[in-house]
Engineer: 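First the structure, then my questions, so here it is.
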Amino acid sequence: MMKPHPVTWLRTTLRGFGFKQWFLLIVNIVLVLASLACALGLRAVGGTLQSLTAARRFQGGGETRFAQTACFLPVDGGKTEDDIRSFRQTLDTKLVEQSLEAPENGSLYIDAYSGTSSVTVTGESGGNVTVKAVGVGGDFFYFHPLPLLSGSYIRSDDLMDDLVVLDEEMAWRLYGSTDLAGMTVYINQKPFVVAGVIARETDFATRKAYTGDGGIFLSYSALSSLDEDAAITCYELVMPDPISGYAKGIVTDNFPVGEGDVVENSSRYSLSHLLEVAKSFGLRSMRLNGVIYPYWENAARLTEDYAALLLILAVMLALYPLLSALVFAIRETRRAYRFAKVKVPATVEAAVEKRREERLEQKYKKQQAEEPVREQGEED
């Protein structure tokens with residue numbers, strides 16, 4: 001007997017469905033689609049922030065795996081630029097010990113650091129604004145590739161230490177324009193030259209995390225000269241990670257942060273990390289270690305919360321369809337077993353009986369064929 005075509009079988013099966021079967025089928029389809037939507041949302045949230053992609057960009061097409069870590073220090077336990085230089089020397093030694101060699105005219109790692117302080121900014125028109133200035137060092141704008149609207153970024157190798165970058169809001173407040181490269185602004189009454197104007201990130205997380213009235217970026221050394229109490233409260237690093245956790249371990253062991261935090265940005269959206277976020281979902285908002293996160297870390301933590309929530313929803317929505325599929329599979333297996341237990345022995349017995357009958361029939365035919373020969377021999 002020929003097996004029915006799958007489409008025919010499906011059509012016949014669906015025609016035999018009652019209200020309950022149709023209801024359960026529709027519910028399962030809706031739950032599966034909702035779970036897939038949550039999974040796609042999780043993937044989209046994981047790719048929201050450019051500030052978390054430095055390791056992937058630094059690796060390029062190379063085979064060496066890199067990890068991006070970030071250290072956030074308490075307000076009263078910040079670092080100095082001497083601390084950063086000392087850690088770089090230690091890091092160089094550790095990489096040599098692991099036989100990790102930098103490419104020609106290149107480097108095995110890239111880092112950046114920053115601190116904040118309140119300053120008063122005045123334009124040439126005389127209006128002034130008090131804002132939180134970010135003092136940056138290393139390759140800060142590699143980690144935070146904010147879109148340039150005009151001019152250029154400031155870099156650690158700039159010869160002049162009097163350059164600033166304004167964000168778009170600050171540029172409009174001071175001059176009513178974003179084309180300000182070469183213009184002069186006064187920070188705490190000291191003149192600085194505008195190197196460029198940047199636009200803030202437009203993703204949903206940054207819009208919620210960055211709630212200031214505009215901001216400026218200048219070199220950390222310049223910020224230190226304006227505020228002797230300024231300290232480095234954020235250090236970011238991309239370095240080789242030959243085995244998982246190696247980079248974070250190097251930073252944790254050799255860059256003490258006291259009660260601060262060391263975060264591995266490269267694995268923020270891994271399954272294990274999101275499960276940890278889900279476990280401490282309500283406690284994460286309670287900060288008792290004196291760390292004030294910069295807006296980009298607050299944005300990252302917000303995306304983590306969304307990602308953890310989407311992961312939980314995806315699993316919960318998929319649970320019922322998976323259980324339904326398991327029950328169906330068990331039921332069909334039991335049905336097949338019962339069928340095999342009854343049908344197979346009967347089929348085998350029928351086959352044996354048929355074979356026995358065929359042998360008897362062949363024996364009978366052979367006897368019938370030999371009978372005339374035997375009778376002719378007797379006559380002779």
Engineer: Donor-acceptor check, side chain of Gln68 to backbone of Ser51, threshold 3.5 angstrom: yes or no?
Structural biologist: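 Confirmed, Gln68 side chain pairs with Ser51 backbone.
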Engineer: Are Leu317 and Leu36 packed together at the side-chain level, in the sense that at least one heavy-atom pair is separated by less than 4.5 angstrom?
Structural biologist: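 Leu317 does not reach Leu36 side chain to side chain.
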Engineer: CD of Gln189: more than 12 outside heavy atoms within 6.0 angstrom?
Structural biologist: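 Counting neighbours around CD of Gln189, 12 or fewer heavy atoms of other residues, nucleotides or ligands fall under 6.0 Å, so no.
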Engineer: Taking atom types as modelled, find out whether Thr48 and Asp203 have a side-chain donor-acceptor pair closer than 3.5 angstrom.
Structural biologist: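 No pair is found: no donor N or O on one side chain lies under 3.5 Å from an acceptor on the other.
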Engineer: Under a plain distance cut-off of 3.5 Å, with no hydrogens placed, do Thr122 and Asn128 share a side-chain donor-acceptor pair?
Structural biologist: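 Side chains of Asn128 and Thr122: no pair found under 3.5 Å.
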Engineer: At what distance, to the nearest 0.5 angstrom, does CG of Asp158 lie from CG of Leu163?
Structural biologist: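 It comes to 5.5 Å.
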Engineer: Answer yes or no: is there a donor N or O on one side and an acceptor on the other, between the side chain of Thr53 and the main chain of Leu49, under 3.5 Å?
Structural biologist: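 No, because the side chain of Thr53 does not come within donor-acceptor range (under 3.5 Å) of the backbone of Leu49.
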Engineer: Are Leu313 and Val315 side-chain neighbours, meaning at least one heavy-atom pair lies under 4.5 Å?
Structural biologist: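 In short, these two side chains do not touch, never coming nearer than 4.5 Å.
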Engineer: First locate atom NZ of Lys132, then atom CD1 of Ile216, and finally report the distance between them rounded to the nearest 0.5 Å.
Structural biologist: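 Going from NZ on Lys132 over to CD1 on Ile216, the span is 12.0 Å.
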Engineer: Please check: side-chain N/O of Glu264 versus main-chain N/O of Ser267, any donor-acceptor pairing under 3.5 Å?
Structural biologist: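 Side chain of Glu264 to backbone of Ser267, a donor-acceptor pair under 3.5 Å: no, none is there.
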Engineer: Establish whether Tyr295 and Val45 are linked, either directly or via other cluster members, by ILVMFWY side-chain heavy-atom contacts under 4.5 Å.
Structural biologist: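 No, Tyr295 does not connect to Val45 through the hydrophobic network.
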Engineer: With a 3.5 Å cut-off and no angle check, do the side chains of Asn298 and Tyr210 form a donor-acceptor pair?
Structural biologist: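 Side-chain D/A pair, Asn298 to Tyr210: absent.
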Engineer: Are any side-chain N or O atoms of Lys208 and backbone N or O atoms of Leu302, one a donor and one an acceptor, separated by less than 3.5 Å?
Structural biologist: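 No; judged by distance alone, with no hydrogens or angles, the pair does not exist.
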Engineer: Can any side-chain N or O of Ser150 pair as donor or acceptor with the backbone N or O of Thr178 at less than 3.5 Å?
Structural biologist: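 Yes, because the side chain of Ser150 sits within donor-acceptor range (under 3.5 Å) of the backbone of Thr178.
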Engineer: What residue among Tyr220, Phe255, Phe72, Tyr113 forms ring pair (Phe, Tyr, Trp, His ring centres under 6.0 Å) with Tyr235?
Structural biologist: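 One option only clears the test, and that one is Phe255.
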Engineer: Does a side chain donor of either Ser221 or Asp161 reach within less than 3.5 Å of an acceptor in the other side chain?
Structural biologist: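 Checked: Ser221/Asp161 side chains pair up, N/O donor to acceptor below 3.5 Å.
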Engineer: State, with a plain yes or no, whether a side-chain heavy atom of Leu24 is found less than 4.5 Å away from one of Tyr320.
Structural biologist: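 Side chain of Leu24 against side chain of Tyr320, heavy atoms only: contact under 4.5 Å found.
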Engineer: Exactly one of Leu218, Val131, Ile198, Leu174 should register a side chain to side chain contact (heavy atoms under 4.5 Å, CB included) with Leu166. Which one does?
Structural biologist: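 The passing option is Leu174.
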Engineer: Looking only at atom types and distance, does a side-chain atom of Thr69 sit under 3.5 Å from a main-chain N or O of Lys248, one as donor and one as acceptor?
Structural biologist: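 Judged by distance alone, no pair lies under 3.5 Å.
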Engineer: How would you list, by chain and number, every residue that makes a ring-ring contact (aromatic ring centres under 6.0 Å, His included) with Phe140, sequence neighbours excluded?
Structural biologist: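 ring-ring contact (aromatic ring centres under 6.0 Å, His included) check on Phe140 returns His144, Phe217, Trp296.
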Engineer: Side chains of Asp83 and Ser86: donor-acceptor distance under 3.5 Å anywhere?
Structural biologist: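 Asp83 vs Ser86: no donor-acceptor pair found between side chains.
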Engineer: Mind checking whether Leu310 and Val277 sit in one hydrophobic cluster, side chains of I, L, V, M, F, W, Y counted as touching below 4.5 Å?
Structural biologist: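 No, it is not one cluster - the side chains of Leu310 and Val277 are not joined through contacts under 4.5 Å.
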Engineer: Indicate the atoms forming the closest heavy-atom contact of Glu81 with Ile232, along with that distance.
Structural biologist: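 Looking at all heavy atoms of both residues, the shortest contact is N-CD1, 3.8 Å.
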Engineer: Starting at OH of Tyr269, measure out to CG of Leu311 and round the result to the nearest 0.5 Å.
Structural biologist: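 The distance works out to 13.5 Å.
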Engineer: Can any side-chain N or O of Thr333 pair as donor or acceptor with the backbone N or O of Ala329 at less than 3.5 Å?
Structural biologist: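 Yes; at least one donor-acceptor contact below 3.5 Å.
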Engineer: Just how far is it from atom CG of Asp157 to atom CD1 of Ile154, taken to the nearest 0.5 Å?
Structural biologist: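 Taking CG in Asp157 and CD1 in Ile154, the distance rounds to 11.5 Å.
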Engineer: Quick one: salt bridge (charged side-chain N to carboxylate O under 4.0 Å, His left out) pairs with a partner in residues 107-121, sequence neighbours left out?
Structural biologist: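 Only Arg88-Asp111 qualify under salt bridge (charged side-chain N to carboxylate O under 4.0 Å, His left out).
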Engineer: Test of understanding: with ring-ring contact (aromatic ring centres under 6.0 Å, His included), list the residues that count as partners of Tyr109, not counting sequence neighbours.
Structural biologist: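 Tyr109 satisfies ring-ring contact (aromatic ring centres under 6.0 Å, His included) with no other residue.
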Engineer: Under the salt bridge (charged side-chain N to carboxylate O under 4.0 Å, His left out) definition, can you give me all pairs with a residue in residues 193-202, not counting sequence neighbours?
Structural biologist: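 As it turns out, the salt bridge (charged side-chain N to carboxylate O under 4.0 Å, His left out) pairs with a partner in residues 193-202, which skip direct neighbours, are Asp167-Arg200.
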Engineer: Any idea which heavy atoms bring Val197 and Ala171 closest together, and the distance?
Structural biologist: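 For Val197 and Ala171, the tightest heavy-atom pair comes out as CG1-CB, 3.9 Å.
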Engineer: Under a 3.5 Å distance rule, please check whether Asn254 uses its side chain to pair with a backbone N or O of Ile250 as donor and acceptor.
Structural biologist: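 Side chain of Asn254 to backbone of Ile250: a pair is present.
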Engineer: To the nearest 0.5 Å, what is the distance between CG (Asp261) and SG (Cys71)?
Structural biologist: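 Interatomic distance, Asp261 CG to Cys71 SG, rounded to 0.5 Å: 9.5 Å.
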Engineer: Any heavy-atom pair between the side chains of Tyr306 and Leu42 that's under 4.5 Å?
Structural biologist: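 No; the side chains remain at least 4.5 Å from each other.
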Engineer: Verify the cluster assignment for Phe192 and Val129: are they in a single hydrophobic cluster under the rule of side-chain heavy atoms below 4.5 Å apart?
Structural biologist: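 Yes, Phe192 and Val129 fall within the same hydrophobic cluster.
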Engineer: Does NZ or CZ of Arg155 lie under 6.0 Å from the centre of the six-membered ring of Phe141, at an angle within 45° of the ring axis?
Structural biologist: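 Because its charged atom misses either the 6.0 Å distance or the 45° angle limit, Arg155 does not stack over Phe141.
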Engineer: Under the salt bridge (charged side-chain N to carboxylate O under 4.0 Å, His left out) rule, collect the residues that match up with Arg85, sequence neighbours excluded.
Structural biologist: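 Arg85 satisfies salt bridge (charged side-chain N to carboxylate O under 4.0 Å, His left out) with Asp82 once adjacent residues are dropped.
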Engineer: Considering all heavy atoms of both residues, which atom of Trp172 and which atom of Ser177 are nearest to each other, and what is their separation?
Structural biologist: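 So the minimum-distance heavy-atom pair works out to CE3-N, 3.6 Å.
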Engineer: CD/Glu276 to CG/Leu271 distance, rounded to the nearest 0.5 angstrom?
Structural biologist: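 It comes to 10.5 Å.
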Engineer: Using a cut-off of 6.0 Å, state whether more than 12 heavy atoms not belonging to Leu319 lie near its atom CG.
Structural biologist: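 Yes, CG of Leu319 has more than 12 neighbouring heavy atoms, counting only those of other groups under 6.0 Å.
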Engineer: Between Ser35 and Met316, is any pair of side-chain heavy atoms under 4.5 Å apart?
Structural biologist: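 The answer is no, as the side chains (C-beta and beyond) never meet within the 4.5 Å cut-off.
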Engineer: Identify the two heavy atoms, one from Gly260 and one from Val291, that lie closest to each other, and give their separation to 0.1 Å.
Structural biologist: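 Scanning both residues completely, I find the closest heavy atoms to be CA-CG2, 3.8 Å.
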Engineer: Kindly say whether Asp229 contributes a backbone atom to a donor-acceptor pair with the side chain of Asp227 at under 3.5 angstrom?
Structural biologist: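 Confirmed, Asp227 side chain pairs with Asp229 backbone.
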Engineer: Determine the minimum heavy-atom distance between Pro74 and Thr233, stating which atoms define it.
Structural biologist: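 Answer, listing the atom of Pro74 first, then Thr233: O-CG2, 4.3 Å.
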Engineer: Run the side chain to side chain contact (heavy atoms under 4.5 Å, CB included) test on Leu149 and Glu168 for me, step by step, so that the C-alpha distance in whole Å, both residues' side-chain angles and the decisive distance to 0.1 Å come before the verdict.
Structural biologist: CA-CA 8 Å; Leu149 299 179; Glu168 184 177 12; 3.6 Å; yes
Engineer: Hydrophobic clustering (ILVMFWY, side-chain heavy atoms < 4.5 Å, transitive) - are Leu309 and Leu274 grouped together?
Structural biologist: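 No, no single cluster joins them.
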Engineer: By the salt bridge (charged side-chain N to carboxylate O under 4.0 Å, His left out) test, which pairs, at least two apart or in different chains, include something from residues 230-246?
Structural biologist: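 Sorted result for residues 230-246: Arg65-Asp241.
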Engineer: Hey, are the side chains of Val164 and Val193 touching, using non-hydrogen atoms and a 4.5 Å cut-off?
Structural biologist: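 Val164 does not reach Val193 side chain to side chain.
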Engineer: Are Glu304 and Arg268 ion-paired here, with the side-chain N under 4.0 Å from a carboxylate O?
Structural biologist: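 Yes, charged N to carboxylate O under 4.0 Å.
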Engineer: Is there a side chain to side chain contact (heavy atoms under 4.5 Å, CB included) between Asn265 and Val263? Walk through the geometry before answering.
Structural biologist: CA-CA 6 Å; Asn265 287 323; Val263 180; 3.8 Å; yes
Engineer: Could you state whether Tyr246 and Val251 fall into the same hydrophobic cluster, counting links through intermediate Ile, Leu, Val, Met, Phe, Trp or Tyr residues with side-chain heavy atoms under 4.5 angstrom apart?
Structural biologist: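 Both belong to a single hydrophobic cluster.
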Engineer: Any idea which heavy atoms bring Ala247 and Pro240 closest together, and the distance?
Structural biologist: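 Taking Ala247 first and Pro240 second, the nearest heavy atoms are CB-O, 3.9 Å.
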